[in-house]
Undergrad: 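First the structure, which I've put down as structure tokens, then a few questions once you've had a look.
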Number of protein chains: 2
Amino acid sequence: MSRVTIKEIARRCGVSQGAVSYALNNRPGVSEATRARVLQVAAELEWAPNRAARQLSAARSETFGLVLARSAQTLIEEPYFMGFVGGVESVLAEKSYALALQVVADLDEELATYRKWAAERRVDGVMVVDLRVADPRLPVLRKLGLPAVLVGDPALADGMPCVWTDGTAAMNAALDHVASLGHRVIARIAGPPEYGDVWIRDQAFELAARRLSLETRIHHTDYSAAQGAAATRDIVTGSPRPTAIIYDNDLMAVAGLAVIQGLGLSVPDDLTLVAWDDSALCRITHPTLTALSHNIVGYGAEVTRRLLALISGAQPQAHLYSTPLLIIRDSSAPPG
Amino acid sequence: MSRVTIKEIARRCGVSQGAVSYALNNRPGVSEATRARVLQVAAELEWAPNRAARQLSAARSETFGLVLARSAQTLIEEPYFMGFVGGVESVLAEKSYALALQVVADLDEELATYRKWAAERRVDGVMVVDLRVADPRLPVLRKLGLPAVLVGDPALADGMPCVWTDGTAAMNAALDHVASLGHRVIARIAGPPEYGDVWIRDQAFELAARRLSLETRIHHTDYSAAQGAAATRDIVTGSPRPTAIIYDNDLMAVAGLAVIQGLGLSVPDDLTLVAWDDSALCRITHPTLTALSHNIVGYGAEVTRRLLALISGAQPQAHLYSTPLLIIRDSSAPPG
DNA sequence: CGTCGTTACTTAACCGGTTCGGCTTATCAG
DNA sequence: CTGATAAGCCGAACCGGTTAAGTAACGACG
């Protein structure tokens, strides 16, 4: 615990604190000779700026906030979030920004967290995930004046800056694929309907199905393996039995696959499966799962870059990150 | 951006800043009447203490650090970490502590992170995961004087405070189970040998096998699904073929299961599988996986509580959190 | 009645940086 | 040789809290 401060460096170099600050921050106001000496002494003493002090005088926290309002269980099960956080970190690390990560139970707690963060000057901005239809967080963030980048479709963003992936295009690709294989009755096992992305996919699903003259059904779940399995069982034992199922995440797809195999049916002979979110799970099952793949790590990184740009004065805008790519594997084939 | 400060509260109440501070912190030095008025005004203005300012004068950051030195890919695939972080957060949230989470590539970067954090006064303490045999981080942390709680066996902790689960007892339970089913040739698909937990399980595995007169083999991997699958293929096509495999995590077990089924073999008829780390994965496969279950969320929470205790002056000590519990499911049966 | 002890404050220093105004000194044009 | 200009540096204020030390008012007590 050496507690090296700028004052100590100033003492050793025989200059004032202010001069040391200029030297260390690469600003004009000191001679090159002095600057070099200061930098050398600072290096010798292994000085690093005290974060709290810098934040206090800069009136910036050099921290971004991310609140996850999902059950601990979902977070553990779904690889999505760790990947997203990993991408965020990769960008923040090089800017020596930090991430304040908070896991809460519901939207109300999430709002409370934003209020607290704003009052404490805890974060310089936030990233908002799991956008809802008519999301109550948007007006609150606006009122708090907390810079935010939303993760989701511009249709949900109400004019606030956002980064999105084109779920409609992805859904079209998935339905074109199963339709071209000859499937006519398609089920969709979706996430919670209040989630904006789910809503958008629901629309896209129905629209594309009409275009392709497919018969459809949609089951909404909470994204969990348990409900994915239950929905699969419902659908498979229903009549007429669909010949293809499109899942909203890979966890439910894997759970569904196990259910189908447990019922003595075969994938892809009896049922074609398509997953969304292509994590390692899709490659370790037997058969491997056809999936809509997108780069979650890159997504998190892109959102972070946009937030950095936003707080340095960039114009807020919607930015399309990518369109999920359909990766065709062993779980899709012509029906029966 | 209201920027409410203590000074503003003082002005409105007609008292000094100091008095306001005493009132807000529930310390003696102000009358009850004044205290009540201050609290009311603070509530009206929605005041919250500026975090940086408090940290600067308290010389504490109210933040704990956690560095994960694993590839982004591993982090995404393994549910373990998100669960651990969730547990940490649950304890920190109520103390209004924060977590500084950093994802780095290797141990050297991890050490650099600790040095930086120590110099910046960025964190009050750290939790150290993935303990190594003769871990190079321990002397560095000691030298930096950074309070730390290690996540791992006391045998690896070199006298530093740690929280651990009893891997030896768990391994004994697993081997007792497969031996009592009648298995005689057992394989272990392990993590990287430099990891302390893996080393301890290796020892326990060999020792228990000798006690039970079992024939053994060990394959080390990097914990990934890919290497878990490859090791499984090696083992299953080798001779004599083991009749039971014990995996070091559930991800590899699931990947191994797919490989075995892809080779036309049946679980549990041809092979008994046992996984470690019982996440949702073990329940969504078909058959479901027998696993050594432990509460990762609770583990993270316990480590955090110990770290909080440590920085408030508790004696450093080793603390056994739990012994993983063998949950018997459909993947284990007498050899076919 | 003078003294002592509390209570209820105020004042000011401090945490460790950043930043602004101003003072020296050197440089250079006129 | 003088006056203007700028580079280089100092001192001090400031960010928003905490806290030690000082002070005024008041009641109790010998």
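Proteins get letters first, then strands, A, B, ... in listed order; numbering begins at 1 in each. Just so it is clear, the values below take in all heavy atoms, side chains as well, and ignore hydrogens, waters and symmetry mates.
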Undergrad: Would you check if the side chain of B/D106 reaches a backbone N or O of B/E109 as a donor-acceptor pair within less than 3.5 Å?
TA: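 Between the backbone of B/E109 and the side chain of B/D106 there is a qualifying donor-acceptor contact (under 3.5 Å).
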Undergrad: Measure the distance from CD1 on B/I6 to P on D/dC14 and round it to the nearest whole Å.
TA: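 The answer, rounded to whole Å, is 18 Å.
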Undergrad: Toward the 5' end of DNA chain C, which comes first, B/A53 or A/R54, by nearest nucleotide?
TA: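 Looking at DNA chain C, the more 5' nearest nucleotide goes with B/A53.
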Undergrad: List in numerical order all residues of residues 17-38 of chain A for which some heavy atom is under 4.0 Å away from an atom belonging to DNA chain C.
TA: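 Those residues are A/Q17, A/G18, A/S21, A/Y22, A/N25, A/R27.
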Undergrad: If I take atom CG in residue B/L56 and atom C1' in nucleotide D/dC14, what distance separates them, rounded to the nearest angstrom?
TA: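 Atom-to-atom, B/L56 to D/dC14, this comes out as 12 Å.
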Undergrad: So B/V151 and B/V163, do their side chains get closer than 4.5 Å, heavy atoms only?
TA: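 No, every pair of side-chain atoms sits at 4.5 Å or beyond.
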Undergrad: Which pairs with one or both residues in residues 106-160 of chain A pass ring-ring contact (aromatic ring centres under 6.0 Å, His included), sequence neighbours excluded?
TA: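 Sorted result for residues 106-160 of chain A: empty, none.
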Undergrad: Could you tell me the separation between the CZ atom of A/R122 and the P atom of D/dG17, rounded to a whole number of Å?
TA: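 Going from CZ in A/R122 over to P in D/dG17 covers 15 Å.
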Undergrad: Students should find this one: the first and last nucleotides of DNA chain C, 5' to 3', lying under 4.0 Å from a heavy atom of chain A. What are they?
TA: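 With heavy atoms of chain A under 4.0 Å away, the range is C/dG16 to C/dC20.
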Undergrad: Is there a side-chain contact between B/E62 and B/K95 in this structure, where contact means two heavy atoms from C-beta onward sitting under 4.5 Å apart?
TA: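 SC-SC contact between B/E62 and B/K95 ruled out.
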Undergrad: A/V67 and side chain to side chain contact (heavy atoms under 4.5 Å, CB included): which single residue from A/V104, A/V103, A/L107, A/V126 fits?
TA: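 Filter result, single survivor: A/V104.
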Undergrad: B/F64: what forms a ring-ring contact (aromatic ring centres under 6.0 Å, His included) with it, not counting sequence neighbours?
TA: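 Per chain and number, B/F64 pairs via ring-ring contact (aromatic ring centres under 6.0 Å, His included) with B/Y97.
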Undergrad: For B/R51 and D/dT18, what is the distance between atoms CZ and P respectively, to the nearest whole Å?
TA: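 Rounded to the whole Å, the gap is 13 Å.
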Undergrad: State, to the nearest 10°, the angle formed by the axis through the first five base pairs of the helix from C/dC1-D/dG30 to C/dG30-D/dC1 and the axis through its last five.
TA: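 That helix has its two terminal axes inclined by roughly 60°.
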Undergrad: Got a salt bridge between B/E78 and B/R70, using NZ or NE/NH1/NH2 to carboxylate O under 4.0 Å?
TA: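 Yes, B/E78 and B/R70 are salt-bridged.
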Undergrad: Nearest 0.5 Å please: distance from the CG atom of B/L99 over to the CG atom of A/L99.
TA: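 Those atoms lie 9.0 Å apart.
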Undergrad: Does anything in residues 8-28 of chain B form a ring-ring contact (aromatic ring centres under 6.0 Å, His included)? List the pairs, not counting sequence neighbours.
TA: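 Non-adjacent pairs meeting ring-ring contact (aromatic ring centres under 6.0 Å, His included): zero.
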Undergrad: For the pair A/F84 and A/Y299, name the ring-plane relationship: parallel under 30°, tilted 30 to 60°, perpendicular over 60°.
TA: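 Because their plane-to-plane angle is over 60°, the rings of A/F84 and A/Y299 count as perpendicular.
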Undergrad: Less than 4.5 Å apart, any side-chain heavy atom of A/D153 and any of A/L131?
TA: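 No, every pair of side-chain atoms sits at 4.5 Å or beyond.
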